[in-house]
Number of protein chains: 2
Amino acid sequence: MNNPTKQQAITTTDKIFEQMQSAIVEGDIPAGSKISEPELSKKYQVSRSTLREALNRLEKCHLIERKANVGSRVVECTIQGLLEIYIVREALEGMACRQAAQNMTDDEIQQMKAILEQHAQAKDLQDGVAYYQEEGDLDFHYKVILGSHNNELINILCGQLYHLVRMYRCQFGMNSPRATRAFDEHSRIIEAIADRDGELAEMLMRRHIAASRKNIENKIALKQQKEQA
Amino acid sequence: MNNPTKQQAITTTDKIFEQMQSAIVEGDIPAGSKISEPELSKKYQVSRSTLREALNRLEKCHLIERKANVGSRVVECTIQGLLEIYIVREALEGMACRQAAQNMTDDEIQQMKAILEQHAQAKDLQDGVAYYQEEGDLDFHYKVILGSHNNELINILCGQLYHLVRMYRCQFGMNSPRATRAFDEHSRIIEAIADRDGELAEMLMRRHIAASRKNIENKIALKQQKEQA
DNA sequence: CAAAATAAAATTGTCGACACTTTTCAATAA
DNA sequence: TTATTGAAAAGTGTCGACAATTTTATTTTG
């Protein structure tokens, strides 16, 4: 797994955290399920202290929720929750894009263009479509966020929301027919960044994310119509 | 202290967390200083486990930073850090304002208007000016954020960034001459929300926050000019 | 039989101790 | 003197056990 936010695991807590993170993202530990500290500390062969430390980190990236004297639950994957994240991403990644247009070095911009070239080639291959949608899309957004050179933005988007987004993608199976259109949108965003046009870059990124959101909203609406019929 | 994000403290960890939070925000535990677990666990008369749990929560709201096998430090209050937070706030509170215009109930809007009336009266009293700038301003922004009815936005802004903002206000002594202008800006924002004009509401909130940021940037620029002279 | 009160079990919160890593500092060598 | 090495001290990471709370099961009561 190509996880760009992964720092080298040092302590055992790091390892448990990563294992549980993947398990939750991929649904092996089901969304909404209760977390039993004794059970999991036995399963992963660590003490409860170590496990609790890992739980704290999972809470930091919004993958679990804790209540005092009651315990932890994995977050639910609800439509409302997904839409709420899109709203936050629209605001933050839009701003990150504006900052990127202002702060990215020429080298960084060149690298982004190279990545997009790579995606373009993968896109032509039929079996590359899936790749582009999954890792490729996240990769693009990730690079833009880093390009903002704003540590607070980077921390929130890459450190906290990133895995929650991945979780929704995994569990809702987001293989939308937006692949080629998304690619074009990415191209225009990079152009705006290269032109150092922050205002346009932000607008394009916001529309790009809002389009994904509306795509989902439409899907839901259709689904509900079918259910009524 | 009127802290709107404070949940009722249940465990001893809760209490230590709140104490340390205030101590850091107000500078009693200095910005940038190293945190010694043995020292603080003795000072607060709790075990290291409990202290570490509190440290985890402080890390969640960006008040301290940890490195594996090395320890924790209180965040530094740098100009760059302050400006970075303003960027994030501009994006998130702007969006929160748009959502508030869309999602607030009529009752909530009435309550906000009432609060502003209150601020207007306090503003007329000379000794009320300070109040308005400190608690009042935070209170207004807080209500708008809640009005978004977006849990993710609320969590990030009220749960995580709120105290960091307070820390900067405390330690940099933000008593800007923007009080009356800020009040007018607040009024217009509420009007836009009441009109259900999300686009305008977002724009006004972003300008409101950007104005504060530029005010600080100017201050810094002036300061640097003086230092050179 | 249903609801409330009570007892038992399970779970979370807190503690002190030990293991391992990092830092400090003194001794040695260039 | 400065740089390197190595030992001692301090600090963080991890563990198992006990205390406090919540949940479950059982008994009692209307």
Side-chain angles (χ1 to χ4, degrees), chain A residues 5-24 28-76 159, chain B residues 5-24 28-76 159:
Chain A
T5 67
K6 179 150 60 178
Q7 320 249 347
Q8 184 146 25
I10 298 178
T11 68
T12 51
T13 296
D14 293 333
K15 289 164 202 154
I16 302 301
F17 167 63
E18 283 177 12
Q19 286 183 49
M20 291 191 68
Q21 185 172 253
S22 297
I24 290 174
D28 294 337
I29 301 176
S33 64
K34 173 127 188 5
I35 299 234
S36 162
E37 293 179 8
E39 182 189 328
L40 285 178
S41 68
K42 202 163 58 180
K43 178 177 173 186
Y44 288 108
Q45 299 281 16
V46 293
S47 73
R48 264 184 62 224
S49 315
T50 305
L51 183 82
R52 279 164 69 86
E53 184 77 28
L55 292 183
N56 270 316
R57 298 204 202 160
L58 291 171
E59 195 185 6
K60 254 174 240 166
C61 46
H62 302 210
L63 291 178
I64 70 171
E65 288 165 349
R66 294 176 76 189
K67 254 197 279 186
N69 281 318
V70 173
S72 314
R73 298 197 88 87
V74 179
V75 294
E76 303 259 11
Chain B
T5 68
K6 180 150 58 178
Q7 321 248 349
Q8 183 147 23
I10 298 179
T11 68
T12 51
T13 296
D14 293 332
K15 289 165 202 154
I16 302 302
F17 168 63
E18 284 177 12
Q19 286 183 49
M20 291 190 68
Q21 185 173 251
S22 297
I24 290 174
D28 294 338
I29 301 177
S33 64
K34 173 126 187 6
I35 298 227
S36 163
E37 294 180 5
E39 182 189 328
L40 285 179
S41 68
K42 202 162 59 181
K43 178 176 172 186
Y44 288 108
Q45 299 280 18
V46 292
S47 75
R48 264 185 61 225
S49 315
T50 304
L51 183 81
R52 279 163 70 85
E53 184 76 28
L55 292 183
N56 269 316
R57 298 205 202 156
L58 291 170
E59 194 185 6
K60 257 175 236 162
C61 46
H62 302 210
L63 291 178
I64 71 171
E65 288 165 348
R66 294 175 75 189
K67 255 197 279 187
N69 281 318
V70 174
S72 315
R73 298 197 88 88
V74 179
V75 294
E76 303 259 10

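Chain A is the first sequence line, chain B the second, and so forth, proteins listed ahead of strands; every chain is numbered from 1.
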Checklist outcome for this item: Taken to the nearest whole Å, CG/B:Asn56 to C1'/C:dG13 is 14 Å

Checklist outcome for this item: Counting primed atoms, P, OP1 and OP2 as sugar-phosphate and everything else as base, the B/S/- map of nucleotides 17-22 of chain C against protein heavy atoms under 4.0 Å is ----SS

Checklist entry - According to a strict under-4.0 Å criterion, is A:Arg52 in side-chain N/O contact with OP1 or OP2 of C:dG13? => result yes

Checklist entry - Does some side-chain heavy atom of A:Leu63 sit less than 4.5 Å from a side-chain heavy atom of A:Arg57? => result no

Next on the checklist: Please find the pair of heavy atoms, one from B:Thr11 and one from A:Ala68, that lie closest to each other, and give the distance.
Outcome noted: CG2-CB, 4.3 Å

Checklist entry - Can you tell me if the side-chain N/O atoms of B:Thr13 get under 4.0 Å from OP1 or OP2 in C:dG13? => result no

Checklist entry - Atom CD of B:Gln45 and atom CD1 of B:Ile16: how far apart are they, to the nearest 0.5 Å? => result 9.5 Å

Next on the checklist: Any base atoms under 4.0 Å from B:Ile35, or only sugar-phosphate, or nothing? Heavy atoms, all strands.
Outcome noted: sugar-phosphate

Checklist entry - Whole Å only: how far is the CG atom of A:Leu55 from the P atom of D:dT14? => result 14 Å

Checklist entry - Within this structure, what is the NZ-to-C1' distance between B:Lys67 and D:dG13, rounded to whole angstrom? => result 17 Å

Next on the checklist: What's the closest nucleotide to the side chain of A:Arg66 if the choices are D:dG11, C:dG13, C:dT14?
Outcome noted: C:dG13

Checklist entry - Atom NZ of B:Lys34 to atom P of D:dA10: distance rounded to whole Å? => result 14 Å

Next on the checklist: Once side chain to side chain contact (heavy atoms under 4.5 Å, CB included) is applied, do any residues pair with A:Thr12, and if so which ones, sequence neighbours excluded?
Outcome noted: A:Thr50

Next on the checklist: Can you measure A:Tyr44 atom OH to D:dC15 atom P for me and round it to whole angstrom units?
Outcome noted: 15 Å

Next on the checklist: Give me the atom names and distance for the closest heavy-atom approach of B:Gly159 to B:Cys61.
Outcome noted: O-CB, 3.7 Å

Checklist entry - Does some side-chain heavy atom of B:Met20 sit less than 4.5 Å from a side-chain heavy atom of B:Ile35? => result yes

Checklist entry - Of the candidate nucleotides C:dT14, D:dT14, C:dC15, which contains the atom at the shortest distance from the side chain of B:Thr11? => result C:dT14

Checklist entry - Between C:dT12 atom C1' and A:Arg73 atom CZ, what is the distance in whole Å? => result 15 Å

Checklist entry - If you find the nucleotide of DNA chain D closest to B:Glu39 and the one closest to A:Thr12, which residue's nucleotide is nearer the 5' end? => result B:Glu39

Checklist outcome for this item: The reported gap from CG in A:Leu51 to CD in A:Glu39 (rounded to nearest 0.5 angstrom) is 10.5 Å

Next on the checklist: Tell me the interatomic distance from B:Glu37, atom CD, to C:dC15, atom P, rounded to whole angstroms.
Outcome noted: 14 Å

Checklist entry - CG of B:Asp14 versus P of D:dA20: gap in Å, rounded? => result 17 Å

